[in-house]
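Just so we're clear, the structure is a prediction, and the values are computed from it rather than from any experiment. Chain A is the first sequence line, chain B the second, and so forth, proteins listed ahead of strands; every chain is numbered from 1.
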Amino acid sequence: MQQTARNSGNQTSSVKVRDFHLIHTMECGQLFRYRRVGDWYYVHSGDKFFKIRQGESRLEFSGADKDFIRHFFSLDVPMKDVLSEIPLDRHTRRAIRLYYGLRIIRQDPWECLLSYLCSIASNIPKIQRCLDGLARVFGEEVRLDEVKGYSLPESNQIASVGARRAVPLLKGLGLGFRSKYVYEVSQRVDSAYLESLRGLSYPEAKEKLMELPGVGEKVADCVLLFSLDFVGAFPVDRWIDRAIRTFYFKGKKVSPREVQSFVSDYFGRYGGYAQQYLFHYSRTVLGKDFFQGKQ
DNA sequence: TATCAGGGCGATC
DNA sequence: GATCGCCCTGAT
């Protein structure tokens, strides 16, 4: 309810942007807690609930300050430099041309972890349903304009419920076998712990995350890339796996391990950006049929 | 009614 | 270290 008061100010700010495309950034599948209302995106992150839209070269927003927006959308990242370090081949070139201005969002680490635990063997609408349910049950109401939403809970708000009550509750929200992952992880970590991983090397931070139940390579890489600034992390999910095999191995039989090691040395230190462009490209342009026909 | 999805895990070879 | 069956649930 404090959030309601805090967010009730309706003044709009704006910031000039270049090499940034809001729609691509929002719709590429990295972020789940948003809703589109007209040309505005209403976005949840931590205790923020803000709205944002893009004009020609300006972002217009309210509910968050300029510094937050800059940081959240990685507007400080020099896109030209980043893209110049991605190896240009037929596929990356097309992906970048199509989705130029897509940036990696800096999510709240705990919410990002929660999101990608929910994403296991799932799909975007269902992930969003799970997260919204989680927010409604455990979180707090927030409001901006006439739009109402709920913030996601901190880990201790889930942990304090106790396993006996929490796990069935989570299953009731549709989390299924992910319920025990979410509950156990919420017992083991908090935001401060996740923040502390920034101080580690990429392999160390990844190893720490993978100690958590439900966190394998893919989920760990997502959390590292989308919330902890490890822009070299290259999450390999089903889509990217199919894309990499098709684009770079021409259907030759290779193990998951070989795919993983290929992407980590081919795409370089901004591999995460390459991943996101290729990911969005393979989903929206090529689609499922392309790969099914291929294999 | 069976199968599969934007994985992880434990068992097995 | 590679492969497989299972895990919940909703969609086809």
Side-chain angles (χ1 to χ4, degrees), chain A residues 24-34 95 99 102 104-105 107 111-134 137 163 166-186 188-189 206-227 233-247 249 252-264 271-272 274-293 295:
Chain A
H24 294 159
T25 300
M26 291 300 299
E27 310 270 358
C28 67
Q30 57 179 324
L31 185 73
F32 304 102
R33 297 270 295 148
Y34 69 88
Y99 299 116
L102 189 169
I104 303 294
I105 287 175
Q107 300 183 34
E111 294 188 355
C112 188
L113 176 53
L114 207 47
S115 299
Y116 284 95
L117 283 173
C118 290
S119 81
I120 300 171
S122 189
N123 53 65
I124 291 176
K126 193 179 168 195
I127 298 165
Q128 289 173 331
R129 269 202 308 281
C130 288
L131 290 171
D132 286 344
L134 224 36
V137 171
V167 174
L169 196 54
L170 294 170
K171 288 195 177 182
L173 296 174
L175 273 79
F177 64 84
R178 307 159 196 84
S179 299
K180 62 179 188 301
Y181 297 157
V182 167
Y183 177 74
E184 288 177 21
V185 169
S186 71
R188 287 176 207 201
V189 307
K206 186 167 175 177
E207 194 181 327
K208 286 293 180 191
L209 283 173
M210 288 176 63
E211 288 173 3
L212 301 171
V215 181
E217 267 200 281
K218 191 267 179 178
V219 171
D221 276 329
C222 285
V223 173
L224 292 170
L225 174 61
F226 298 130
S227 75
F234 194 109
V236 177
D237 49 47
R238 304 283 290 198
W239 284 101
I240 278 293
D241 184 70
R242 280 194 292 256
I244 296 297
R245 287 170 192 279
T246 307
F247 295 159
F249 290 93
K252 199 181 88 186
K253 289 252 181 253
V254 286
S255 65
R257 184 121 194 97
E258 289 176 273
V259 172
Q260 190 72 45
S261 83
F262 168 77
V263 299
S264 51
Q275 190 271 4
Q276 207 53 32
Y277 276 89
L278 283 176
F279 176 69
H280 198 35
Y281 174 64
S282 61
R283 280 176 52 83
T284 54
V285 178
L286 302 183
K288 204 178 196 169
D289 298 338
F290 176 82
F291 292 113
Q292 281 180 343
Q295 289 296 2

How close or far is atom C1' of B:dG6 from atom CG of A:Leu131, stated in whole angstroms?
-> 13 Å
Here the helical stems involving DNA chain C, each at least 3 consecutive Watson-Crick or G-U pairs closer than 3.5 Å, sorted by first residue number, are B:2-5 with C:9-12, B:7-13 with C:1-7
Partners of A:Glu258 by side-chain contact (heavy atoms from CB on, under 4.5 Å), sequence neighbours excluded?
-> A:Val254, A:Ser255
A:Val236: partners by side-chain contact (heavy atoms from CB on, under 4.5 Å), with sequence neighbours left out = A:Phe234, A:Ile240, A:Asp241, A:Val259, A:Gln260, A:Val263
Would you name the heavy atoms of A:Lys218 and A:Ser119 that are closest together and state the gap between them?
-> NZ-OG, 4.0 Å
What does the list of N/O pairs under 3.5 Å between the protein and nucleotides 2-4 of chain B look like, with a distance for each?
none

Using heavy atoms and a sub-4.0 Å distance, could you list which residues of residues 219-227 of chain A are near DNA chain B? By number, please.
-> A:Val219
Report the residues that fulfil ring-ring contact (aromatic ring centres under 6.0 Å, His included) with A:His280, sequence neighbours left out, ordered by chain and then residue number.
-> A:Tyr99
Rounded off to whole Å, could you give me the CG-to-P distance for the A:Asp241 and B:dG8 pair?
-> 12 Å
Starting at CD of A:Gln275, measure out to CG of A:Leu225 and round the result to the nearest 0.5 Å.
-> 6.5 Å
With A:Tyr116, which residues qualify under ring-ring contact (aromatic ring centres under 6.0 Å, His included), at least two apart?
-> A:Phe32, A:Phe226
Here the distance between atom C1' of C:dT9 and atom CZ of A:Arg129, to the nearest Å, is 9 Å
Once you round it to whole Å, what is the distance between P of B:dG6 and CZ of A:Phe279?
-> 9 Å
Would you mind reading off the distance between A:Gln128 atom CD and B:dG6 atom P, rounded to a whole angstrom?
-> 14 Å
For A:Leu212, which contact category applies under a 4.0 Å heavy-atom criterion: base, sugar-phosphate, or nothing?
-> sugar-phosphate
C1' gap between B:dG6 and C:dA2, integer Å = 23 Å
Within the structure shown, what part of the strands sits under 4.0 Å from A:Pro213 by heavy-atom distance: base, sugar-phosphate, or nothing?
-> sugar-phosphate
All heavy atoms of A:Ala233 vs all of A:Leu224, minimum pair found to be CB-CB, 4.2 Å
What residues form a side-chain contact (heavy atoms from CB on, under 4.5 Å) with A:Pro168, not counting sequence neighbours?
-> none
Which whole-number value in Å describes the distance from A:Glu184 CD to B:dC9 C1'?
-> 12 Å
B/S/- contact track for nucleotides 3-8 of chain C, protein heavy atom under 4.0 Å = ----BB
CD1 of A:Ile127 to CG of A:Leu117: how many Å apart, nearest 0.5 Å?
-> 11.0 Å
Results of salt bridge (charged side-chain N to carboxylate O under 4.0 Å, His left out) for A:Arg178 - residues two or more places apart only | none
Compare the minimum distances between each of B:dG6, C:dG1, B:dG7 and the side chain of A:Ile120, then state the nucleotide with the smallest one.
-> B:dG7
With sequence neighbours left out, what residues match A:Phe262 under ring-ring contact (aromatic ring centres under 6.0 Å, His included)?
-> A:Tyr248, A:Phe249, A:Tyr266
Heavy-atom nearest pair, A:Cys118 first then A:Leu134, reads SG-CD2, 4.3 Å
In whole angstrom, give the distance that lies between atom CG of A:Leu113 and atom C1' of B:dG6.
-> 16 Å
Closest non-hydrogen atom pair, A:Phe177 against A:Ala121 = CZ-CB, 4.4 Å
Set of side-chain contact (heavy atoms from CB on, under 4.5 Å) partners for A:Ala220, sequence neighbours left out | A:Lys206, A:Leu209, A:Met210, A:Val215
Whole-Å gap separating P (B:dG6) and CG (A:Leu31) | 19 Å
